[in-house]
Number of protein chains: 4
Amino acid sequence: MLRGEITRAIRSALMQELAAVGYGRLSIEAVARRAGVSKTAIYRRWSSKLELVLEIVVAAAGSKLPTLDTGTLRGDLTLLFKLVTHALGHPLASQIIPDLLAEAARNPEIDETLQVVLRAKQQEIGGSLVARAVQRGELPVGTDAGAAVDLIVGPLYWRLAIARSTPAQAYLDALVETVATGLGAAPAVPRQRDVTPPAAPA
Amino acid sequence: MLRGEITRAIRSALMQELAAVGYGRLSIEAVARRAGVSKTAIYRRWSSKLELVLEIVVAAAGSKLPTLDTGTLRGDLTLLFKLVTHALGHPLASQIIPDLLAEAARNPEIDETLQVVLRAKQQEIGGSLVARAVQRGELPVGTDAGAAVDLIVGPLYWRLAIARSTPAQAYLDALVETVATGLGAAPAVPRQRDVTPPAAPA
Amino acid sequence: MLRGEITRAIRSALMQELAAVGYGRLSIEAVARRAGVSKTAIYRRWSSKLELVLEIVVAAAGSKLPTLDTGTLRGDLTLLFKLVTHALGHPLASQIIPDLLAEAARNPEIDETLQVVLRAKQQEIGGSLVARAVQRGELPVGTDAGAAVDLIVGPLYWRLAIARSTPAQAYLDALVETVATGLGAAPAVPRQRDVTPPAAPA
Amino acid sequence: MLRGEITRAIRSALMQELAAVGYGRLSIEAVARRAGVSKTAIYRRWSSKLELVLEIVVAAAGSKLPTLDTGTLRGDLTLLFKLVTHALGHPLASQIIPDLLAEAARNPEIDETLQVVLRAKQQEIGGSLVARAVQRGELPVGTDAGAAVDLIVGPLYWRLAIARSTPAQAYLDALVETVATGLGAAPAVPRQRDVTPPAAPA
DNA sequence: TTCTAATCGAGACGGTACGTCCCGTCTTGCC
DNA sequence: GGCAAGACGGGACGTACCGTCTCGATTAGAA
C-alpha cells in the first residue's frame with residue numbers, strides 16, 4: 001500500500017469510526033484496525049486523536065459552497081436551505097457534528113476550531129446573503145447580519161439535527177417565506193398560500 | 001451512610017461527572033469515587049450507564065415550566081426566551097444536553113427518551129403558545145405549529161448552544177419582533193419600522 | 001478461577017515460556033496468554049520480569065535435597081551425582097539454568113540471587129559432604145572444601161549442561177572413583193580397575 | 001566508506017553489542033547504529049542474526065591454541081589452565097559463550113555449531129594432552145579421554161564461568177595436582193603439602 | 001436476642017486501549 | 001548497484017480504567 005493510500009484509508013476509517021462511536025469513545029486502535037493499518041502509521045501522521053479529528057473536519061468544511069447568488073433573497077434562501085438540508089442529511093454529518101459540538105462544550109481547542117471552520121463559515125455565507133439582499137433593496141439597510149443568520153440557520157438546524165426529521169419541500173418553501181418576511185422583506189406576491197400565510201395585504 | 005443518602009450522593013456525583021466529562025466518557029467508577037461509594041452500590045441500583053443518566057435527565061426535564069400566558073404573543077415570546085436563555089445558561093444543561101443529543105444520534109433508546117422529555121416538551125410549550133396567539137387573533141388561523149416552534153426555538157438554541165454566546169437583551173427583543181412578524185403577527189405598534197416592516201393590516 | 005490457581009498458572013506458564021524462549025525474549029504478555037490470565041493479574045503480583053523469574057528460581061531451588069549421608073564418601077558422591085543428573089536432566093532445568101547464568105553475566109541482581117540460591121546451595125551440599133568424609137577419615141584434614149566442590153560439581157555440570165550428553169552409569173561410577181581419589185581418599189578396594197585405574201601406590 | 005570497511009565495522013559493532021546485551025536481545029538495528037551503517041547494509045550480507053553471530057564465533061574459535069607440549073602431564077595441565085583462565089577472563093568470552101550455550105539449548109543449529117567449534121576443540125586439546133601423558137607412562141593405558149576431559153575442563157569452567165571468581169595461582173596448582181592424581185598419575189614428589197594432600201598410600 | 005438476609009467496602013478478575021518503543025522488511029531516491 | 005533514510009506492519013511494553021465478580025464485615029429486621 002502506498003503512502004497516500006494509507007493516509008486516505010486512515011481518514012476514511014476515521015470518519016466511519018467517528019460516526020459509529022463518536023469522538024468520546026473513538027479509539028486509535030479501532031481506526032487502525034478498520035483502516036487495515038498499524039497504529040504506528042497513524043501516530044506518525046497525527047500526534048493525537050484531537051489533531052486527527054480536527055484536521056478531518058476542517059478539510060471537510062473547507063471544501064464547500066462556492067457563492068450562491070440567485071438574484072433574489074428568496075431564491076438565495078431556497079438554494080441555501082436545499083444545500084444545508086442535503087449536507088446535514090448525510091449520516092456522517094448528522095452524527096459527527098453533534099458529537100463535536102458536544103465535545104466543544106468541554107474542550108476549548110475543539111470549540112475554537114469549530115468556531116472558525118463551521119460557524120464562521122455559516123456567518124460568512126449568511127452574511128453575504130443578507131448583504132446582497134440589502135444591496136438589492138430587499139432588506140432594510142441596517143439589518144443585523146448576525147441576528148439574521150441565527151434566524152436563517154437556527155430553525156433548519158433545529159429541525160434537521162435536533163428534531164431529526166426530514167423536512168418536506170413545502171416546509172422549506174414556507175420557511176423561506178417566513179424568514180424573508182421576518183427579516184423585513186416585502187412579501188412575495190402569490191407564492192405561499194397555506195402553511196404560514198402572511199397577514200393578507202389590504 | 002444510610003440507604004437514601006447513598007442514592008442521593010450517587011445522583012449528585014453523576015450530575016457533576018456528566019458535566020465534567022460528558023456521557024460518552026462517563027464512568028461508573030468515577031461516579032462512585034466522587035460519591036464516596038463503592039461501584040457495587042451503583043450497579044445494585046441501575047443496570048447501566050444509560051439507565052442511570054436517562055433517569056436523571058427525565059427527572060430534571062419533568063419538573064419544569066408551568067404555563068406561561070402573558071396575554072400577548074410578544075409577551076409570551078419574551079418570557080419564553082428569557083426562560084430558555086436562563087435554562088440553557090446553566091452549565092450543566094449546556095454541557096449535558098448537547099452530549100445526550102450527540103449520543104441520541106447513535107442510540108435509539110436515548111433518542112426516543114429525549115424526543116419525549118425534551119423536544120416534545122418544547123413542542124408542547126411552543127404549540128400552546130402559538131395556539132393562544134391564534135385564538136387571540138395575533139396569528140392567522142392555520143398557522144403551522146410545528147414550523148412555528150422551529151422558528152421560535154431554533155434561532156435561540158443556535159445562538160446559545162451552538163454559537164455559544166450570551167445574547168443581549170436588545171437581541172432578544174429584536175428576535176421576538178422578528179419571529180412574531182415572520183409568523184404573520186401584526187406589527188407591534190411604533191417600535192421599529194425599518195427592520196421588519198409589517199404587512200399592511202387588512 | 002481462584003486466587004491461588006491463578007498464581008499457580010502464572011508460575012507454570014512462566015516456566016514453560018522461560019524454557020521456550022529464554023529470559024531475554026521472555027514477554028509478560030506471552031506468559032499471561034499461556035496461563036490464560038490477564039496481564040494485570042501478573043503485574044499485580046510481581047513488579048517486573050526479573051522479580052518474577054527470580055522468585056520462581058529461588059522457590060525451585062529452595063525446596064531441595066535433604067541431607068544425604070550414606071556413611072561413605074563414595075556412597076555420598078554416587079547419590080549426589082544421581083540426584084544432580086536427575087535434576088539437570090529435566091528439560092526445564094537444562095534450558096532455564098544456562099539462560100539465567102548467561103543473563104547473570106550482565107545483570108548483577110540476577111547474579112547475586114543465583115549466587116545465593118544455586119551456587120551457595122551447592123557449596124553447602126558439597127561442603128558438608130567433604131566435612132563428613134574428613135570426619136570419617138576418608139579425606140585428609142585440611143581438605144579445601146571450595147576446591148573440592150569445584151571438582152565434584154564441575155565435571156558433571158560440564159558433561160550435562162555444556163556437552164549435553166547423558167552419562168552412562170559406568171561413567172558416573174568412574175567419576176566417583178576418580179574424584180574420590182583426586183581428593184585424596186584411599187582407593188576403594190576391588191571395585192573397578194579398568195576405566196580409570198588409580199595409580200598404583202608406590 | 002568502502003565495502004570492506006563497512007563489513008569490518010559491522011563485525012566490530014557486533015562483538016560489542018553481543019557483549020552488551022547478549023545474543024537473545026541482540027538487534028540488527030543496534031548493530032547498524034553502532035557501526036554507523038544502515039540496516040540494509042547488514043541484511044545484504046547476512047540473512048539472519050544467527051548466521052551473523054555464528055560466523056563471528058567460529059572465526060574467533062578457529063584461530064587458537066597451537067599445540068602445547070611441556071613434556072609432563074602436570075606441566076601441560078598448568079599451561080592449559082593458564083590459557084583457559086586467560087581466555088575465559090576476557091569479558092567478551094565470559095559474556096558471549098554462556099549466552100550462546102543457553103541459546104544452543106533451544107536452537108539445534110547453534111548447538112551443532114558450538115559442538116564443532118568449541119567443545120570438539122576442547123576434546124581435541126584435552127584428548128591429545130591425555131594421550132601424550134599415557135604415552136609418557138604418566139597415566140594408565142586405557143584412560144578414558146572423554147571422562148578425563150570432563151575432569152580437566154569441568155572444574156575450571158565451573159569456577160570461572162559459573163561461580164565467576166578468579167582463581168588464585170595456588171588454587172590452580174592444587175587443581176593440577178588433584179586432577180592429575182584423580183586421573184591416576186603418580187604423585188609429584190614434594191609439590192603439594194596442604195591443600196589437597198592425597199591419602200597416604202597403604 | 002439471636003439469626004438471617006441484605007447491603008456495604010474493598011479490591012481482584014479478564015479485558016481493552018493507551019501511546020511508546022523497537023523489531024525486521026521493504027521502498028525510495030541520491031551518489 | 002549499493003547506499004542512507006525512513007515508512008511499513010507487527011508486537012510487547014507497563015499503565016489506567018472499565019464493568020463484573022467474590023469476599024467478609026456491618027447492619028437491621030424478623031423470629
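Lettering of chains follows the sequences in order, A, B, ..., and the numbering in each one begins at 1. Just so you know, these numbers use all the heavy atoms, side chains as well, and skip hydrogens, waters and symmetry mates. This is a predicted model, so every value here is computed, not measured.
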Can A/Thr7 and A/Arg45 be counted as having a side-chain donor-acceptor contact under 3.5 angstrom? yes
So, the side chain of A/Glu51 versus the backbone of A/Trp46: is there a donor-acceptor pair under 3.5 Å, distance only? no
Separation of E/dT20 atom C1' from A/Trp46 atom CH2, nearest Å, is 19 Å
Quick one: list whatever passes salt bridge (Lys or Arg N to Asp or Glu O under 4.0 Å) with D/Arg44, sequence neighbours left out. none
How many whole angstroms separate atom CD1 of A/Ile6 from atom P of F/dG6? 17 Å
Kindly write out the residues that satisfy salt bridge (Lys or Arg N to Asp or Glu O under 4.0 Å) with B/Lys49, not counting sequence neighbours, or none if the list is empty. none
Which atom pairs, one a donor and one an acceptor, fall under 3.5 Å between side chains of residues 8-20 of chain D and the rest of the protein, sequence neighbours left out?
unit_1  : atom_1 : unit_2  : atom_2 : d
D/Arg11 : NH1    : D/Glu55 : OE1    : 2.3
D/Ser12 : OG     : D/Gln16 : NE2    : 3.2
D/Gln16 : OE1    : D/Arg34 : NH1    : 3.1
D/Glu17 : OE2    : D/Arg34 : NE     : 2.9
D/Glu17 : OE2    : D/Arg34 : NH2    : 2.9

Between D/Arg106 and D/Asp111, does any side-chain N to carboxylate O distance fall below 4.0 Å? no
Quick check: closest heavy atoms across A/Asp99 and A/Gly24, and the distance to 0.1 Å? OD2-N, 4.0 Å
Assign each of A/Arg45 and D/Arg45 to its nearest nucleotide of DNA chain F by heavy atoms, then name whichever residue's nucleotide is nearer the 5' end. D/Arg45
Please give, in whole Å, the distance from F/dG19 P to B/Leu52 CG? 11 Å
Using a cut-off of 4.0 Å between protein heavy atoms and nucleotide atoms, how would you tag nucleotides 22-31 of chain E 5' to 3' with B, S and -? -BBB------
5' precedence on DNA chain E between B/Ser38 and A/Ser48 (nearest-nucleotide basis): B/Ser38
C/Ser94 to C/Arg164 - nearest heavy-atom pair and separation: O-NH1, 4.3 Å
Give the rounded distance in Å between these two atoms: CD1 of D/Ile42 and C1' of F/dC3. 13 Å
When rounded to whole Å, the CD to C1' distance for the pair C/Glu5 and F/dT22 reads 14 Å
When D/Ala41 and A/Thr7 are each assigned the nearest nucleotide of DNA chain F, the 5'-most assignment goes to D/Ala41
For D/Glu109, which residues count as a salt bridge (Lys or Arg N to Asp or Glu O under 4.0 Å) partner, sequence neighbours excluded? none
Which stems does DNA chain E form, counting runs of 3 or more consecutive Watson-Crick or G-U wobble pairs with both distances under 3.5 Å? E:1-31 with F:1-31
